[in-house]
Amino acid sequence: MEMAGTARAGERRIDGERRAEIGRERKARTRTRILAATFDLFGRQNGLFTRVEEICDAARITRPTFYNHFAGMEDLREAPSWEVTHDFLAAVVQAIGTLPDAAQRTATAIRYYLRRGQQDARWAWSIVNISACGIIFGAETHQQAQRTVEEGMASGAFRIADARIGRDVVLGATLSALVTLLREETGEDYPAQIAESVLVGLGMAPAKAAVLARTPLADL
């Protein structure tokens, strides 16, 4: 009898663990649906104005379910900003890691982001709409931009008084250029022109900035 009771207790423990695992899996799937719906909705031109109700409809969930996962729209925006930017940033960082100086890395990164914007409007709109109410390009990209500017200042390539100014010049110009790419006709050389102008704004000689901004790009 004691052995049977022990066996039943073990079965109940296993059943409880399995139910908890199923619950976690269901919650993860629901979160994934919410993030996928958010990415699609933020990928529209007017995605900035996305409401909780729209996300619930797109993800096929109720409002209480939404609030089980996120405190609100501000909380939600932080999650897709990582989803949208992380893998691309990692690819860019790897691609520019062997470049000789911060100025060339800066120019190359700007061109990669703008080239992606030329090729993928939904991704570009997601970046623009997420940035409008949060950290521009997401926290990881924001931090990476500042580190690169600091390196450029330390080497003497960038002649500015504060790394935050350089970071804002880099990210602000790139974000504004993404909007231009989405709304207006631009030439193929537009990303290079933006990169060149940013380098000049950071204190580089125009002739050198023009050369760095047109170094051939490798595929990501």
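The analysis underlying the following values was restricted to heavy atoms, covering all of them including side chains, and did not include hydrogens, waters or symmetry mates.
- Annotation: the span from E53 atom CD to F66 atom CZ amounts to 9.5 Å, rounded to 0.5 Å.
- A side-chain donor-acceptor contact under 3.5 Å links R111 to the backbone of A213.
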Which is it for V149 and I160 under the side chain to side chain contact (heavy atoms under 4.5 Å, CB included) test, yes or no, and what are the steps along the way?
CA-CA 9 Å; V149 168; I160 50 177; 3.8 Å; yes
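- Listed for the R31 side chain is no donor-acceptor partner under 3.5 Å among the backbone atoms of R26.
- Note that the OG1 atom of T30 and the CZ atom of R60 stand 10.0 Å from one another [nearest 0.5 Å].
- For the atom pair CZ of R105 and CD1 of I110, the computed distance is 13.0 Å after rounding to the nearest 0.5 Å.
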Please list, one pair per line, the donor and acceptor atoms closer than 3.5 Å that link side chains of residues 93-104 to other protein atoms, with sequence neighbours excluded.
unit_1	atom_1	unit_2	atom_2	d
D101	OD1	A103	N	3.2
D101	OD1	Q104	N	2.8

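- The structure places OG1 of T50 at 7.0 Å from CG of N129, a figure rounded to the nearest 0.5 Å.
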Applying side chain to side chain contact (heavy atoms under 4.5 Å, CB included), run through Y112 and R116 and close with a yes or a no.
CA-CA 6 Å; Y112 274 132; R116 174 74 184 271; over 6 Å; no
All N/O donor-acceptor pairs, side-chain side in residues 167-184, below 3.5 Å, sequence neighbours left out:
unit_1	atom_1	unit_2	atom_2	d
R167	NH1	Q146	OE1	2.7
T174	OG1	V170	O	2.7
T180	OG1	S176	O	3.3

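- Note that the CZ atom of R29 and the OG1 atom of T32 stand 9.5 Å from one another [nearest 0.5 Å].
- Here NE2 of H142 is found 6.0 Å from CD1 of I136. Values are rounded to the nearest 0.5 Å.
- Side-chain N or O atoms of T141 include none that pairs as donor or acceptor with a backbone N or O of G138 at under 3.5 Å.
- The shortest heavy-atom contact between M73 and R51 is SD-C, 4.4 Å.
- Between G187 and Q118, the closest heavy-atom pair is O-NE2, 3.9 Å.
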N/O donor-acceptor pairs under 3.5 Å from side chains in residues 193-211, not counting sequence neighbours:
unit_1	atom_1	unit_2	atom_2	d
E196	OE1	R214	NH1	2.8
E196	OE1	R214	NH2	3.2
S197	OG	Q193	O	3.0

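- Across all non-hydrogen atoms, the minimal contact from I61 to R33 is CG2-NH2, 3.3 Å.
- In the model, Q144 has a side-chain atom that pairs as donor or acceptor with a side-chain atom of R147 under 3.5 Å.
- Within 6.0 Å of atom CD in E188, 12 or fewer heavy atoms from other residues, nucleotides or ligands are found, so the atom counts as exposed in its surroundings.
- Ring geometry, Y113 versus W123: the interplanar angle falls from 30° to 60°, so the pair is classed tilted.
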